[in-house]
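Here's the structure, in structure tokens; my notes come after.
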Number of protein chains: 2
Amino acid sequence: MSIKTVSNVVNDHPHVRPAMRERVRAVIDELDYRPNGIGRQLRQGRTGLIALAVPNVTSPYYGELTSTLVTAARARGLTLLVEQTDGEPDREREVAAGFPVRLVDGLVFVPLSMPVAELAQRRDSTPAVLIGEHGEGAGIDRVTIDSVDIGELGTRHLLQIGRRRIAFLGDKQSLRSPVVAERIAGYERALRAHGVPVDPRLSWVTPEWERRHGYDGTLTLMAAHPDVDAVFAANDLLAYGALHALRELGRRVPDDVAVVGVDDVEQSRYTAPTLTSIALDRGVMADLALGLLVDRLAGVEGPPRLLTATHHLEVRESTSGVPVGAVPAGARAAAGA
Amino acid sequence: MSIKTVSNVVNDHPHVRPAMRERVRAVIDELDYRPNGIGRQLRQGRTGLIALAVPNVTSPYYGELTSTLVTAARARGLTLLVEQTDGEPDREREVAAGFPVRLVDGLVFVPLSMPVAELAQRRDSTPAVLIGEHGEGAGIDRVTIDSVDIGELGTRHLLQIGRRRIAFLGDKQSLRSPVVAERIAGYERALRAHGVPVDPRLSWVTPEWERRHGYDGTLTLMAAHPDVDAVFAANDLLAYGALHALRELGRRVPDDVAVVGVDDVEQSRYTAPTLTSIALDRGVMADLALGLLVDRLAGVEGPPRLLTATHHLEVRESTSGVPVGAVPAGARAAAGA
DNA sequence: AGGCTGCCTTCCAACGTTGCAAAGTCAGCG
DNA sequence: CGCTGACTTTGCAACGTTGGAAGGCAGCCT
């Protein structure tokens, strides 16, 4: 039989006589033959591969995002290939410039630090989607979240439980990325709306948003401003570091200092005390992003599109003091010792 | 100029006159040309792609492993492609059988549940490396850890701080995988060595090894056996659940119940109390695994090889009661309330 | 000046697949 | 019995690259 007939069988072409179809299938099983993806792709010009470029896979937030994307991609017959940028501008530039060897059909990119102007001048013709606040005006499809509202929501919650000296943990010294700028804008807006003076010294700079930076940052913050009665951390990891530092300093949470995070990753339901956080819908974000990308792969033209995923506040012990479980308060107090 | 000359320039072949080389480079820049990976790969028969199949990317342990592998692969000029099995036998079978379309050069696989006999009968000719305890006798290169010793080490530590009613959290009901079997073997060996009777009722079954299973498991465990004075969790996530449950129950850690985990992921330095855990060297494991795989890709023949990565105990507050930071004990006591 | 040598460039073929078109087969019908 | 038409199979070409071999050119030696 001819090679082409095999191809017809493998691709379920019509006009193949059942007898022949059976014969070919038998031989395929016999030889354990698999079509060579490379040849197929060369012919079709597509690989079915999508690259995902995130700062890292280790942070719970990006890990959960990656996990969702892997699953969502598979559901659409695509395979995900992972790159890590560590949020460094040069690594992000490499991703934006495209891989030196053309291999993927599309790119899902979470940029953090590279200048948006450079993103906009990207010459690589591979379709891309951005996820996150970074990329306003880059002319690329994007799925984002409303970080101004996130900053406002978290701060308002702290104001409502009576806090007045609220620190924002996770500012950036140089290069204030949109993420930070927006969250701080929301934070300040909420303060003003409540008639609480904005003290710029309480926008506390951390080099990155990892646990240890939250820990170090909170130690120095509390030393400099002992009157701080709430910490609004830019993400959950910083908040974990803050909780650890506060415990070490003997400050009770939330009694002395309340803490709010952003991302609401799984771990936040298990810290002691459990962490109040603003939940972002990662599943929806991944799905939306992949949908935008698949459109472009299918040849959909048009101006860059922008979608915004929703978020909501999950109140837990670090601001309410109320334990999650159905256990008497007395028992809880004893537990903490 | 001819296509082949361009190829020669791109591949740094000798015998290209500098003038011509320059001319070609200029045009490449001009057109922003990139070699099409597919054509190249078709010619060379290799894709430079490595598949990684893990249960998920969300668990800190696998997340950190994935992250390390991505970096290690990149350092060797390979790109990592991620699949998730959720630890389900059928999904693992698919991975073992090979992707329907031949596309990757090699496979790094962390199986958890599929029968080893089936792994051994794998017909796919793509080189593979296994990571973990699962796969003994499959005839495939593997990087593992000594889980018997891990079980023994953790248990001995608990015995040495005076605990006698030590529960093992994370047994599996049916299908006791090698991971569990080995850790429990070590646990029982340590108990016997100390003359402490082995109580099989304290090998507590959990459906999976996620935080919530540790939480649920610990609640039921402590209800059934209130005299338990230590919990040896099969991994850190289970331990976080255990810490949460114990806090809710008003049991002090480590005073009433000491807790030990396995994996020593980043978060364990930040829980309250910080978690004693057995650290596995993920970086080394990833490197070893990739080394084995690259050998096979280079055509190295020979019997299956087995490497064992090291581990060590990180003692923290959940067994020692001693805080990590340089803060007076009095401050710490107040902090916990 | 002719031939030779050595370097540079070009040509050809092949990797494995699939779209298209041509060739082949067969049954039914006039 | 041959023709028509529908259905089935096969052949060819092309996707973009690179190894190997052949071709071209210039300079040098005699």
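Side-chain atoms are counted along with the backbone in the values below, which use heavy atoms only and exclude waters and symmetry mates. Just so we're on the same page: letters track the sequence lines, and every chain starts at 1.
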Within the pair [X] and [N], is there a side-chain N or O less than 4.0 Å away from OP1 or OP2?
| X | N | result |
| --- | --- | --- |
| B/Asn11 | D/dT18 | yes |
| B/His13 | C/dC8 | no |
| B/Ser2 | C/dT9 | no |
| B/Arg43 | D/dG19 | no |
| B/Ser7 | D/dT18 | yes |

- Name the closest nucleotide to the A/Asn36 side chain, picking from D/dG16, D/dT9, C/dT17.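 My answer, after comparing the listed nucleotides, is C/dT17.
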- Query: In whole angstrom, what separates B/Gln44's CD from D/dT18's P?
  - Reply: 6 Å
- Rounded to whole angstrom units, what separation is found between the CD1 atom of A/Ile3 and the P atom of C/dG16? 9 Å
- Answer yes or no: is there an ion pair linking A/Arg25 with A/Asp12, defined by an N-O contact shorter than 4.0 Å?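 Answer for the salt bridge query: yes.
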- Query: Do the non-hydrogen side-chain atoms of A/Leu307 and A/Thr144 ever get within less than 4.5 Å of each other?
  - Reply: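 Contact flag for A/Leu307/A/Thr144 side chains = no.
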- Task: Give one of base, sugar-phosphate or nothing for A/Ile38, where a contact means two heavy atoms less than 4.0 Å apart.
- Result: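 Nothing, no heavy atom under 4.0 Å.
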- Message: Under 4.0 Å, counting only non-hydrogen atoms across every strand here, what does A/Pro14 touch: a base, just sugar-phosphate, or nothing?
- Response: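 It contacts nothing in the nucleic acid.
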